[in-house]
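All values derive from a computational prediction rather than experimental measurement.
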Amino acid sequence: VQLQASGGGLVQAGGSLRLSCASSGHTFSNYAMGWFRQAPGKEREFVARISSNSATTYYADPVKGRFAISRDNAKNTVYLQMNTLKPEDTAVYYCAADRSLGLRSTSYYTRLTSYDYWGQGTQVTVSS
């Protein structure tokens, strides 16, 4: 399984970016997908998750109302639309795949160990 994240860059506060994560080597539509981020000197943290059929999404509180996760199973790609970016959103963003199906607890969604495969990350820098 390979996950390739892209779309990061430098943007001013208040701006927008759209991250993409292209997947290969597995049946993409059988996996829930998540986005995490890691700022310098901090632990990797959960950002958003989407179920395999897009029926369910879940967001971390700091990004609710500003970020939107979506997926296109025909293109084997998951997206993260990031609006109204803040300097505190600066981090390396990682996509991840979870092969378990069905509803889970929100604590499960946010745990790094719930995800089986990880991409290499894409840098997002928000200037003030």
Side-chain angles (χ1 to χ4, degrees):
V1 176
Q2 289 191 327
L3 302 175
Q4 182 72 38
S6 62
L10 174 64
V11 64
Q12 288 189 331
S16 298
L17 280 175
R18 188 195 196 200
L19 305 184
S20 299
C21 175
S23 177
S24 62
H26 66 145
T27 304
F28 181 72
S29 59
N30 287 347
Y31 286 68
M33 299 296 295
W35 286 97
F36 288 73
R37 67 186 182 185
Q38 188 167 16
K42 295 187 177 181
E43 294 186 350
R44 193 171 299 188
E45 64 177 8
F46 171 79
V47 174
R49 175 185 170 100
I50 188 167
S51 61
S52 59
N53 61 359
S54 301
T56 304
T57 58
Y58 181 69
Y59 297 92
D61 285 344
V63 308
K64 280 181 181 176
R66 300 189 298 122
F67 291 10
I69 189 171
S70 62
R71 65 190 295 161
D72 185 337
N73 285 350
K75 295 182 178 180
N76 292 345
T77 302
V78 62
Y79 305 97
L80 186 68
Q81 178 66 43
M82 305 186 296
N83 300 324
T84 319
L85 282 161
K86 304 175 181 180
E88 51 263 45
D89 295 318
T90 295
V92 177
Y93 283 71
Y94 299 88
C95 58
D98 173 16
R99 62 188 170 197
S100 68
L101 299 178
L103 291 176
R104 301 278 186 171
S105 66
T106 53
S107 62
Y108 175 90
Y109 294 161
T110 63
R111 285 200 301 266
L112 275 69
T113 54
S114 299
Y115 297 82
D116 303 289
Y117 304 103
W118 292 82
Q120 86 292 356
T122 185
Q123 176 71 48
V124 172
T125 303
V126 184
S127 63
S128 57

Participant: For Glu45, look at atom CD and say whether over 12 heavy atoms of other residues, nucleotides or ligands are found less than 6.0 Å away.
Facilitator: yes

Participant: Can you check whether Phe28 reaches Lys75 side chain to side chain, under 4.5 Å on heavy atoms?
Facilitator: no

Participant: Give a yes or no on whether Arg111 atom CZ has more than 12 heavy-atom contacts from other residues, nucleotides or ligands under 6.0 Å away.
Facilitator: yes

Participant: Is the shortest side-chain heavy-atom distance between Arg37 and Val63 below 4.5 Å?
Facilitator: yes

Participant: Between Asp72 and Tyr79 (side chain of the first, backbone of the second, donor and acceptor by atom type, cut-off under 3.5 Å), is there such a pair?
Facilitator: no

Participant: Can you confirm whether Lys64 is buried at NZ, in the sense that more than 12 heavy atoms of other residues, nucleotides or ligands lie under 6.0 Å from that atom?
Facilitator: yes

Participant: With heavy-atom distances below 4.5 Å as the criterion, would you say the side chains of Tyr31 and Ser52 are in contact?
Facilitator: no

Participant: Do Asp98 and Tyr109 make a side-chain contact, defined as non-hydrogen atoms from C-beta onward lying under 4.5 Å apart?
Facilitator: no

Participant: Quick one: does any side-chain atom of Arg49 pair with a main-chain N or O of Thr106 as donor and acceptor, under 3.5 Å?
Facilitator: no

Participant: Could you state the interatomic distance from CG (Leu85) to CZ (Phe67), rounded to the nearest 0.5 Å?
Facilitator: 5.0 Å

Participant: Asp89 vs Lys86, test: salt bridge (charged side-chain N to carboxylate O under 4.0 Å, His left out). Steps then yes/no.
Facilitator: CA-CA 5 Å; Asp89 295 318; Lys86 304 175 181 180; over 6 Å; no

Participant: Does some side-chain heavy atom of Ser100 sit less than 4.5 Å from a side-chain heavy atom of Tyr108?
Facilitator: yes

Participant: Suppose we screen for salt bridge (Lys or Arg N to Asp or Glu O under 4.0 Å). Which residues come up paired with Arg44, at least two apart in sequence or across chains?
Facilitator: none

Participant: Provide the closest heavy-atom pair for Gln123 versus Ala91 in the form atom of the first, atom of the second, distance.
Facilitator: NE2-O, 3.4 Å

Participant: Test your reading of the model: is there a side-chain donor-acceptor pair from Ser23 to the backbone of Leu3, 3.5 Å cut-off?
Facilitator: no

Participant: Could you report the tightest heavy-atom contact between Val11 and Leu17, atom names first, then the distance?
Facilitator: CG1-CD1, 4.1 Å

Participant: Less than 4.5 Å apart, side chain to side chain, heavy atoms only: is that true for Val1 and Asp116?
Facilitator: no

